[in-house]
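Presented below is the structure to which this report refers.
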Amino acid sequence: MTTYGRVMRARDAWSVHYTSRELPQPKELPWFLQNAPRDPEPWLDEAGIPDGVPFLLSPRFEYDVELNAYWLRPELIEAPLNSNTNRARALASFFTFLWRARRKKGWRDAAEADHLAYLHWRRRDMKGPRVDGGTWNAEVSHVNLFYVWAKGKRLLGSLPVPQRARRPAPFGTVVVPKNAMTAATFAHDENGQHIEWLPARSYRLWRDVGVRGYGGDGLLTRKFRGRWASRNSSYSDLMVRTGMRIEEQSSVLITELPYRAAPLGGYRRFWLPAAIAKRDSARWVYVPHSGVLGLGEYVEIDRAEVVEDARARGRYDTIRRPLVITNPSRPLTAMKTGSFGCTTVNVRELKPAERHRLLLDTGSGIEPAMFWLGESGAPLALSTWKDLFTTANARCEDQGVDLAAHAHLLRHTFAVLTLEQLQRGHIANLADMNVQQRQHYVRIFGDPLDWVRRRLGHASLLTTVIYLHALEELEMETRMALVPDGWEDPRDTPLSALGGERPPEGSQVRRAVP
């Protein structure tokens, strides 16, 4: 198969790859692939494997069927790409350590001594990466879950990760089975309930310096050559103002995002379908007026330019097996051409990887339906957006600005600032309303914490309450200055325009989890 996004490659290392139906057809197959099918799509279809499922190759480029069966479990096939990427990289890192530092051991041969040596190198060795407790705990969890599965399949005799009895969970959360075990090497210096977020002023400084190319003095620097500064700043602004996860935001379509501003300002909302929302947390997403304006400028200028150039070069004519929205007035249905002729598909049921093949016939030509496009006119990979944060953080450091951000930090920022806004005005608004108005207001917003929970796609308030704790830690003077003028409030929009929480017609809403 081919890769999707960035491939983890190094000499004598396990590598992470992803299934794809968009493989170029070789003119001649090497001798060892003469009996292999020339087209992987029928094989992937028959096996029920979608695009974007990870698999690992050994340092000798061997494909281990038993190992990679791990990714074909229903719960992982349906898992978000970002989550599966983290799982695959954690396994590849441990397997690479076994190969390089433990005399080329295979994953089946790992013992507790190997895992403890890996712990020392990963956390304490001066020559190692010395990762923090939170990173290590995530890696241990992924590795342990894989080996528990492998042992259950009788692929090995004993677990290489030392085990201990699980402690009872807090009452009312989860039920821990009797004699349940867990990894004994979890760190105890993780952040716990501490969350990272930026005040609005700090976020804008990070964005202006790291993304837009300004200097620490607030002036545009001559050396900056950021061709996509406008697009990238619109992307980060949308994330910090809506709280979407990085894979969710990277997978939205131009037919879904509101980019035409309403004359009265306020907020506009769109439906985030379950197929691209983490753990099927379909929900309404609210975009402020300033965010809508930024999206509109990107569509009219940068996006239109790359689409026109790609059309002129015939870029979209070479896409194999495209899914085409033939009627822009009915953007929920696309046409698929295959061995059984033309069939229709429900656009809202398409996963992120499938949306990369989705085209929109506008009447004046075809273009990708994905909203965010690169210089080639093709949809951007998730790794490109992760690189945005890495590059922006490095630029802030070069300019002497002591700020750094990542995608989830912007999601935390949205939650903290929005909760502060709603709490600040909630009681005052209710006091100025009559009984009927108050009932309608409560139906829309309810409790401020619950409104933020729904926007984040959390299943339980227990997950969202962490942001309330973050506010409670601040001094009152800080809280009063936390949300500056110009940071739009959801309550700026008339309640009649906001609507309720009922999904749009034809949408299936399933269980959402944190």
Side-chain angles (χ1 to χ4, degrees), residues 1-20 29-36 49 53-73 76 83-133 135-164 181-187 383:
M1 307 305 160
T2 189
T3 56
Y4 179 94
R6 174 168 295 179
V7 177
M8 178 181 174
R9 282 182 179 173
R11 191 176 69 174
D12 292 336
W14 282 76
S15 54
V16 180
H17 305 264
Y18 302 85
T19 58
S20 173
L29 289 175
W31 66 267
F32 53 85
L33 291 178
Q34 289 297 326
N35 295 326
I49 303 174
V53 175
F55 61 92
L56 303 181
L57 294 182
S58 76
R60 293 173 177 167
F61 296 99
E62 299 163 323
Y63 181 93
D64 189 320
V65 175
E66 292 180 332
L67 161 64
N68 287 300
Y70 179 67
W71 309 106
L72 304 183
R73 301 153 63 206
L76 294 191
S83 300
N84 274 342
T85 296
N86 293 335
R87 293 184 180 99
R89 287 179 175 171
L91 292 179
S93 178
F94 181 55
F95 296 167
T96 297
F97 178 81
L98 295 175
W99 182 266
R100 290 179 176 175
R102 308 298 285 181
R103 299 180 180 178
K104 296 187 176 181
K105 274 191 173 183
W107 63 270
R108 293 175 179 82
D109 305 317
E112 285 193 2
D114 300 313
H115 178 75
L116 295 176
Y118 183 62
L119 166 61
H120 174 76
W121 174 74
R122 197 89 174 122
R123 293 273 286 149
R124 306 186 186 100
D125 194 335
M126 294 299 295
K127 298 179 181 179
R130 297 175 69 87
V131 299
D132 60 34
T135 301
W136 170 255
N137 284 350
E139 293 178 354
V140 170
S141 177
H142 294 320
V143 171
N144 186 57
L145 287 173
F146 165 76
Y147 274 105
V148 169
W149 169 84
K151 188 173 185 296
K153 294 293 183 180
R154 299 184 179 179
L155 301 179
L156 45 87
S158 59
L159 297 176
V161 182
Q163 302 290 299
R164 64 165 175 81
M181 305 295 288
T182 189
T185 52
F186 281 119
S383 59

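The structure presented is a predicted model; accordingly, all values stated were derived computationally and were not measured.
- Residues Val143 and Ala90 share a closest heavy-atom pair of CG2-O, 3.9 Å.
- In terms of modelled atom types and a separation under 3.5 Å, the side chain of Thr96 and the main chain of Ala92 share a donor-acceptor contact.
- Between Pro160 and Ala110 the shortest heavy-atom distance is CB-O, 3.6 Å.
- The side-chain heavy atoms of Leu76 and Arg87, taken from C-beta on, include a pair separated by under 4.5 Å.
- The pair Arg102-Asp114 meets the salt-bridge criterion, with a side-chain N (NZ, NE, NH1 or NH2) lying under 4.0 Å from an Asp/Glu carboxylate O.
- Closest approach of Ala13 and Arg100 over heavy atoms only: CB-NH2, 3.6 Å.
- To the nearest 0.5 Å, atoms CH2 (Trp14) and CG (Leu56) are separated by 6.5 Å.
- No donor-acceptor pair under 3.5 Å is formed between the side chain of Arg164 and the backbone N or O of Met181.
- The distance between the ring centers of Trp107 and Phe146 falls below 6.0 angstrom.
- Within the 4.5 Å cutoff, side-chain heavy atoms of Leu116 are placed close to those of Pro162.
- A donor-acceptor pair under 3.5 Å links the side-chain atoms of Arg130 to the main chain of Arg124, judged by distance alone.
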| Between His142 and Phe94, does a side-chain contact (heavy atoms from CB on, under 4.5 Å) hold up when you go through it step by step? | CA-CA 10 Å; His142 294 320; Phe94 181 55; over 6 Å; no
| request: Please report the C-alpha distance between Glu66 and Lys153 in whole Å, then the side-chain angles of each, then the deciding distance to 0.1 Å, and finally whether the salt bridge (charged side-chain N to carboxylate O under 4.0 Å, His left out) criterion is met. | output: CA-CA 9 Å; Glu66 292 180 332; Lys153 294 293 183 180; over 6 Å; no
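- Thr185 contributes atom OG1, which lies 7.5 Å from atom CG of Asn144 (distance to the nearest 0.5 angstrom).
- Within the 3.5 Å criterion, the main-chain N or O of Phe186 finds no donor-acceptor partner in the side chain of Asn137.
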| Run the side-chain hydrogen bond (donor to acceptor under 3.5 Å, both in side chains) check on Glu139 and Asn86 step by step: do they pass? | CA-CA 8 Å; Glu139 293 178 354; Asn86 293 335; over 6 Å; no
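- Here the side chain of Asn68 pairs a donor or acceptor atom with the backbone of Asp64 at under 3.5 angstrom.
- Between Phe55 and Tyr63, the ring centre distance stays below 6.0 Å.
- Of the candidates Phe97, Phe95, Trp99, Phe97 is the only one forming a ring pair (Phe, Tyr, Trp, His ring centres under 6.0 Å) with Tyr118.
- Between Asp132 and Thr135, the side chains place a donor N or O and an acceptor N or O closer than 3.5 Å (distance only, hydrogens not considered).
- To the nearest 0.5 Å, atom CG of residue Asp109 and atom NZ of residue Lys104 are 14.5 Å apart.
- When all heavy atoms are compared, the tightest approach of Val131 to Arg123 is O-NH1, 2.8 Å.
- In this structure, CZ on Arg89 lies 12.0 Å from CG on Asn84, to the nearest 0.5 angstrom.
- For the pair Arg122 and Ser93, the minimum side-chain heavy-atom distance is below 4.5 Å.
- Side-chain rings of His115 and Trp136 approach one another, their centers coming within less than 6.0 Å.
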| request: With side-chain contact (heavy atoms from CB on, under 4.5 Å) as the test, would you mind laying out the steps for Leu91 and Trp71 before giving the verdict? | output: CA-CA 12 Å; Leu91 292 179; Trp71 309 106; 3.7 Å; yes
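- Using a 4.5 Å cut-off on side-chain heavy atoms (C-beta onward), Val16 and Thr85 make no contact.
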